[in-house]
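Worksheet: the structure to be examined is printed underneath.
Remember, it's a predicted structure, so these values are computed and weren't measured experimentally.
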Amino acid sequence: MTRIAVLDQDRCKVKKCNQLCVNFCPMVRSRVEAIRVEGTKAIISEMLCSGCGICVKKCPFHAISIVNLPDELDDDCSHRFGENSFKLFRLPMPSAGTVLGLLGQNGIGKSTTLKVFSGEIRPNLGRYDNPPMWSEIVQYYRGSNLQDYFQKISEKKIKVSSKPQYVDKIPKAVTGKAGDLLEKVDERKILDQLADVLELRKIWERPLEVLSGGELQRVAVAAALSREADVYLFDEPSSYLDVKQRLTVAQAIRSLKEQQKTIIVAEHDLAIIDYLSDQICVFYGEPGVYGVVSHVHGVRTGINIYLQGYIPDENIKFRKESIVFQERPPTAGTNVNEPLLKWDAFEKTFQGFTLKAEPGEIRGGEIIGILGPNGIGKTTFVKILAGLETSDDTQKFGELTVSYKPQYIAPDYSGTVQELLMSVAKENFASSWYKTEIAQPLRLHALMDRNVMELSGGELQKVAIAACLSRKTDLYLLDEPSAYLDVDERLNIAKTLRRVVEAHGIPAFVVEHDVVTQDFIADRLMVFNGEPGVLGTANTPTSLRQGMNMFLKDMNITFRRDPTTLRPRVNKEGSQMDEFQKDLGEYYYTKIIKTTDDKKDDTDPKKKQK
């Protein structure tokens, strides 16, 4: 049995806890130094630890994790950052002319893997105290594609182009205009083509520091694609982008296959990673503790394995319950609750942009999803409902109290997460309902003693959503709640929001670009269309089926259903299935008969029926 003991250095505060981990350790009590304190941190000996888990439960700051794994995995350790630190087992096997997708939770080793393939991190095979030389690493991976790959990296014969995960940090590292930056890196002489495809002409003369998240994302992708390289690495290329932009970026990345480049992509949007990838490697384990890389699978099989939580070829089950989507849209008109909010047609005019909203209503206990391209007025509409903006006719929406989760979250609270949520939820914070319906699903227990100002983007997002759902209110407004979150966290958020809405009968508006998340969460849809940055129209809320068809028809995109998990899958543009569904006028909900042949399932409309 291989034992992994991980200590979170930021959470460990031995001066404030009376060293409970040491005092209660059975091995220490029997005079075996399994845990000791050096300076201001505890150190756990994995060789001497019995794996009882008492220290894990006693630590008041949730700084300790201990996991027991099969001995077979220990021979596959590819990298460890240090003593009592994260451990990564195995590495993917990339190949030229193929897009390899990396799918897994946050904190489970995807970004670390990309850094290994970029040469930024040299894999130490678990020997953090005595790192191996390149020759030993090459010998370790003999007989696989990685032997040749690491041989070339050690000899600097491979050139790598990377797109970083956090594009919002780019202006801090690089200054100047977007166009100037891209012209400097245009080694493949394809910048004119990329500027048109990724719609970069409008921001060509703008400084990087004034660009939005979506604009920075497209600049970063264009910069990575423009470089001449052998290997291209993309870490979450769809963040901040709308559905159309995500597919455009995916098509641009896939175009690298024609030059037989090696392409690796880490992505959380299931529809996009499905559309983008040829093969999938599933990452499983415990976030922040250890991660295991599965063998390479076909794209459909790999994503289904991730959703079902079971890897047949390894006989590993890493999820208690499989994730299954709904086969048919909710039936329109099933909500019999009284309308909680009605609004008349209104307009909001800015300099150069006008939003026109059609009349509509929302009933108690329902969730209305908001879909539309970037720059079309979705956030403006939500801010008007929240009272942060006023319409041109200053229309009033009654005396409703509103709980609003904004699109961009600024950590402006100086206390801990627990203090913030206690101030918002008040007496409900101590209730068993709050713990089981909000705190546990959002996995907030490990964040409670953390300072809000120190949280990462994903952690801050979960805390902001929890705060939004904790308030006593008449209406929830959530603007892009899935940003920075992985697949599991997105679906947990969707389930949590639905339970809270149904339990209290409080309706919600949710602005979201992830079509899979909208499919999971929304009862009805409100579609925004028009000309981004010039004119936006907020259509009356409609059924999920009508709304998806309206939105996807405007985007000229069709989705089909996977026969096993019923998840939405993007059809390749111009494929038989794409043309078949467009002829039917069904861009989203199409019933699919099960087939074991992936290629037939992807392209043969005769195997499908409406």
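Going from atom CZ of Arg90 over to atom SG of Cys77 covers 12.0 Å, rounded to the nearest 0.5 Å. Annotation: the span from Gln251 atom CD to Arg246 atom CZ amounts to 14.5 Å, rounded to 0.5 Å. Atom OG1 of Thr558 is separated from atom CG of Asn549 by 10.5 Å, given to the nearest 0.5 angstrom. Taking CG of Asn304 as the reference point, atom CD1 of Ile323 lies at 11.5 Å (rounded to 0.5 Å). A distance of 11.0 Å separates OG of Ser162 from OH of Tyr232, quoted to the nearest 0.5 Å. Taking NZ of Lys115 as the start and CD of Gln165 as the end, the distance is 8.5 Å to the nearest 0.5 Å.
Under a 4.0 Å N-O distance rule, the pair Glu187/Lys159 qualifies as a salt bridge. Ion pairing between Arg319 and Asp488 holds under the 4.0 Å rule for side-chain N and carboxylate O. Taking 4.0 Å as the cut-off between side-chain N and carboxylate O, Asp519 and Arg561 count as a salt-bridged pair. Between Asp562 and Arg300, at least one side-chain N (NZ, or NE/NH1/NH2) sits under 4.0 Å from a carboxylate O, which counts as a salt bridge. Using a 4.0 Å cut-off between charged nitrogen and carboxylate oxygen, Asp578 and Arg560 do not count as a salt-bridge pair. Asp180 has no carboxylate O lying under 4.0 Å from a charged side-chain N of Lys184, or vice versa, which leaves the two without a salt bridge.
Nearest heavy atom pair, residue Ile170 against residue Ala220, reads CD1-CB, 3.7 Å. When all heavy atoms of Leu100 and Pro92 are compared, the pair lying nearest together is CD2-CB, 3.6 Å. Nearest heavy atoms, Pro123 versus Val116: CD-CG1, 4.0 Å. The heavy-atom pair separating Gly104 from Asp486 by the smallest distance is O-CB, 4.0 Å. For Leu182 against Ala223, the heavy-atom pair with the smallest separation is CD2-N, 3.6 Å. Of all the heavy atoms in Pro171 and Leu208, the pair that sits closest is CG-O, 3.7 Å.
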Legend entry - side-chain contact (heavy atoms from CB on, under 4.5 Å) between Gln581 and Asn571, intermediate numbers included: CA-CA 10 Å; Gln581 288 186 221; Asn571 290 318; 3.1 Å; yes

Inset, instruction - Start with the C-alpha distance between Val249 and Leu241, add both sets of side-chain angles, then the distance that settles side-chain contact (heavy atoms from CB on, under 4.5 Å), and finish with yes or no. - result: CA-CA 9 Å; Val249 164; Leu241 303 180; 3.7 Å; yes

Inset, instruction - Assess whether side-chain contact (heavy atoms from CB on, under 4.5 Å) is satisfied between Ile253 and Phe234, documenting all intermediate values. - result: CA-CA 9 Å; Ile253 293 173; Phe234 298 88; 3.9 Å; yes

Legend entry - Leu233 and Lys163: CA distance, side-chain angles, deciding distance, side-chain contact (heavy atoms from CB on, under 4.5 Å) verdict: CA-CA 6 Å; Leu233 309 175; Lys163 200 290 294 181; over 6 Å; no

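Shown here are the salt bridge (charged side-chain N to carboxylate O under 4.0 Å, His left out) partners of Asp192, two or more places apart in sequence or in another chain: Arg201. A search for side chain to side chain donor-acceptor pair (under 3.5 Å) contacts involving Glu579 returns nothing, not counting sequence neighbours. Ala271 meets the side-chain contact (heavy atoms from CB on, under 4.5 Å) test with Asp269, Val516, Phe559, Val570; sequence neighbours excluded. Glu120 pairs by the salt bridge (charged side-chain N to carboxylate O under 4.0 Å, His left out) definition with nothing, not counting sequence neighbours. Every residue two or more places apart in sequence or in another chain that forms a side chain to side chain donor-acceptor pair (under 3.5 Å) with Lys177 is listed here: Glu205. Every residue meeting the ring-ring contact (aromatic ring centres under 6.0 Å, His included) condition with Phe81, not counting sequence neighbours, appears here in chain and number order: His79. In this structure, the side chain to side chain donor-acceptor pair (under 3.5 Å) partners of Ser212, at least two apart in sequence or on a different chain, are Glu215. Remark: Tyr240 engages no residue in a ring-ring contact (aromatic ring centres under 6.0 Å, His included) (not counting sequence neighbours). When the ring-ring contact (aromatic ring centres under 6.0 Å, His included) test is applied to Tyr275, no partner is found at least two apart in sequence or on another chain. For Asp278, the side chain to side chain donor-acceptor pair (under 3.5 Å) partners two or more places apart in sequence, or in a different chain, are Arg254, Lys257. Glu46 meets the salt bridge (charged side-chain N to carboxylate O under 4.0 Å, His left out) test with Arg80; sequence neighbours excluded.
A 4.5 Å side-chain heavy-atom check between Val510 and Ile370 finds every atom pair outside the cut-off. Counting only heavy atoms from C-beta outward, the side chains of Val293 and Leu88 approach each other to under 4.5 Å. Proximity of Asp514 to Gln518: side-chain heavy atoms (C-beta onward) are nowhere separated by under 4.5 Å. Proximity of Leu102 to Val265: side-chain heavy atoms (C-beta onward) are nowhere separated by under 4.5 Å.
Of the candidates Glu314, Lys317, Gln105, Glu314 is the only one forming a side-chain hydrogen bond (donor to acceptor under 3.5 Å, both in side chains) with Tyr284. The only option from Thr112, Asp76, Leu146 that meets the side chain to side chain contact (heavy atoms under 4.5 Å, CB included) definition with Leu91 turns out to be Leu146.
A donor atom on one side chain and an acceptor atom on the other are found under 3.5 Å apart for Glu267 and Ser238. For the residue pair Asn556/Lys582, the side-chain donor-acceptor check at 3.5 Å is satisfied. For the residue pair Asn374/His513, the side-chain donor-acceptor check at 3.5 Å is satisfied. Inspection of the His268 and Asn106 side chains reveals an N or O donor paired with an N or O acceptor under 3.5 Å. Under the 3.5 Å distance criterion, with hydrogens and angles disregarded, a donor-acceptor pair is assigned to the side chains of Ser456 and Glu459. Side chains of Asp235 and Ser111: a donor on one and an acceptor on the other come within 3.5 Å. For Gln407 and Lys378, the side-chain atoms include no donor-acceptor pair closer than 3.5 Å.
More than 12 heavy-atom neighbours from other residues, nucleotides or ligands sit within 6.0 angstrom of NZ on Lys261. By the 6.0 Å contact criterion, CD on Glu321 is open, its count of non-hydrogen atoms from other residues, nucleotides or ligands being 12 or less. Within 6.0 Å of the NZ atom in Lys553, the count of heavy atoms belonging to other residues, nucleotides or ligands does not exceed 12.
A cation-pi arrangement, defined by a distance under 6.0 Å to the six-membered ring centre and an angle within 45 degrees of its axis, is absent between Arg490 and Phe520.
For Phe117 and Tyr149, the ring centers sit closer than 6.0 Å to each other.
Sorted by first and then second residue, the pairs that involve residues 128-147 and meet side-chain hydrogen bond (donor to acceptor under 3.5 Å, both in side chains), not counting sequence neighbours, are Arg127-Glu136.
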